[in-house]
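We count ligands from 1, going down the list as the structure has it; atoms in each ligand are counted the same way.
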Amino acid sequence: MYSSNKIDSFVEKSPILKEVIDLKPVVWLNDKKKRCSEMPEFLIKMKDIQAAERLWKRFAPFFVKAFPETEATNGILESPLKEIHKMKELLNYGSPKIEGRLFMKCDNALPIAGSIKARGGFFEVLHHAEELALKAGILNREDGYEVFLSNKFRQFFSKYKIGVGSTGNLGLSIGIISAKLGFQVTVYVSADAKLWKKDLLRSKGVKVVAFAGDFSEAILAGREKTKADPLAYFVDDENSKKLFLGYTVGALRLAEQLKKANIKVNDSHPLFVYSPCGVGGSPGGTAFGLKQIFGDNVHCFFVEPTHSPAVLTGLVTGEMSNIRVQDIGIDNKTEADGLAVGRPSKFATSVSEYLISGIYTLEDNCLFILLSQLMDTEKIFLEPSATAGLNGPQTIAKTGYAEKNNINMNNVTHIVWATGGDLVPDFERKEFYKRGKSIAK
Ligand SMILES: *Cc1c(COP(=O)(O)O)cnc(C)c1O
């Protein structure tokens, strides 16, 4: 933890930090946000997103064979975009009333991983596997990628190791896909990782190593162990461009879905997107992709728990990934395990700094209430982390953001990015739901 002098100097520069330290829910609007015409050059460009989409297409035949649940979509992993009328009606018992239409991007239902990590996590491993096979001369990009399931390929990959540090969904996604390809994969988890997640991984042939301490320490330990081995590759949630790139493809797919549903995005039809945020990779990647497509007409907001406002702390202090929430006395203890992150991603934060419209924080209790409300109204189960965007439209409406930026909200489309849930076992779903109901009483 930093000295009180140092913390005071941060607070003096940005008074909102006082409320953040006091664990109050806050809304922060980003005054560094730039118009698209003034955006700096980023390392990732539209052509990289399109190249990532082509990699997914090459691997489609692999998915069909390896995971029969992807047969119906010809091996393309995608989730529905759903209008949630009933939830909107319920939210509108509160104030202010939500203007425009309310949709949910249901990444809780992404195949295999049941979370948004099926985008970033899978992409990074597939990219690595393809690169290894190309370098070894056993693959051409024109080949049918079913070959990745052949004995020859699995034997080839069994020489190589993959490591990742994660409390949950990232570990699940990397573990499942790496084991399927034949890699030796180790997931380094924090002490508080759920037993069912560890069991699930072990059942797929994944090695699980638990560390005392939080997620950042699991990453640190995993990174050091993996880096010592020349045949090993570490998926680094705190600074990965590949994870980020995998998430950007979600934006292309969403744009297609909006088009199919006849939903316009232009000057008079703005798009507002609310994404739960951990290290900032998944919300940053989707925001980046959406900005490439919709420019200034898309407005992206991140949501963090009051006890783990990692990206908010990095951006507000200007310290970016050099600061952890623990450095300013916040405990990083939240039940939203996808968001229980003390330090933001270096790469993602450097991009989001200019893109995002703002960040708001909310209390764990609020996540559980939203969880039970969504079950009651839409019969959709989300894990606690994934519900964070549901009160976005009302939270942002209260700030005067639209008025300040001359945005006409009559025809707005709100998209709440639901980031995970389908792998959560029944007993835990029931507990979460009960908890939401009892808090709401
Ligand atoms: C990983 C995850 C997030 C956040 O993604 P980051 O890249 O860490 O910001 C949000 N919700 C769920 C369910 C997740 O698994």
Could you list each nitrogen or oxygen of ligand 1 that sits under 3.5 Å from a protein nitrogen or oxygen, with the atom names and the distance?
unit_1	atom_1	unit_2	atom_2	d
ligand 1	5 (O)	Ser282	OG	2.8
ligand 1	7 (O)	Gly281	N	3.2
ligand 1	7 (O)	Ser282	N	2.7
ligand 1	8 (O)	Val279	N	2.9
ligand 1	9 (O)	Gly278	N	2.7
ligand 1	9 (O)	Val279	N	3.2
ligand 1	9 (O)	Gly280	N	2.7
ligand 1	9 (O)	Gly281	N	3.4
ligand 1	11 (N)	Thr419	OG1	2.7
ligand 1	15 (O)	Lys117	NZ	2.6
ligand 1	15 (O)	Asn169	ND2	2.7

| said: I'd like to check Phe123 versus Leu126 (side-chain heavy atoms, cut-off strictly below 4.5 Å). Are they in contact? | reply: no

| query | In chain order, what residues pass the side-chain hydrogen bond (donor to acceptor under 3.5 Å, both in side chains) check against Tyr401, with sequence neighbours excluded? | reply | Lys33, His299, Ser357

Can I get a per-line list of side-chain donor-acceptor pairs under 3.5 Å for residues 275-286, giving both atom names and the distance, sequence neighbours left out?
unit_1	atom_1	unit_2	atom_2	d
Thr286	OG1	Ser282	O	2.9
Thr286	OG1	Pro283	O	3.1

| Checking ring-ring contact (aromatic ring centres under 6.0 Å, His included) for the pair Phe148/Tyr145: CA distance, chi angles, key distance, verdict? | CA-CA 6 Å; Phe148 277 86; Tyr145 275 26; 5.1 Å; yes

| query | For Arg58, what residues pass the salt bridge (Lys or Arg N to Asp or Glu O under 4.0 Å) criterion, not counting sequence neighbours? | reply | Glu130

| remark: Tightest non-hydrogen contact, residues Ile84 and Leu390, listed as CD1-CD2, 3.8 Å

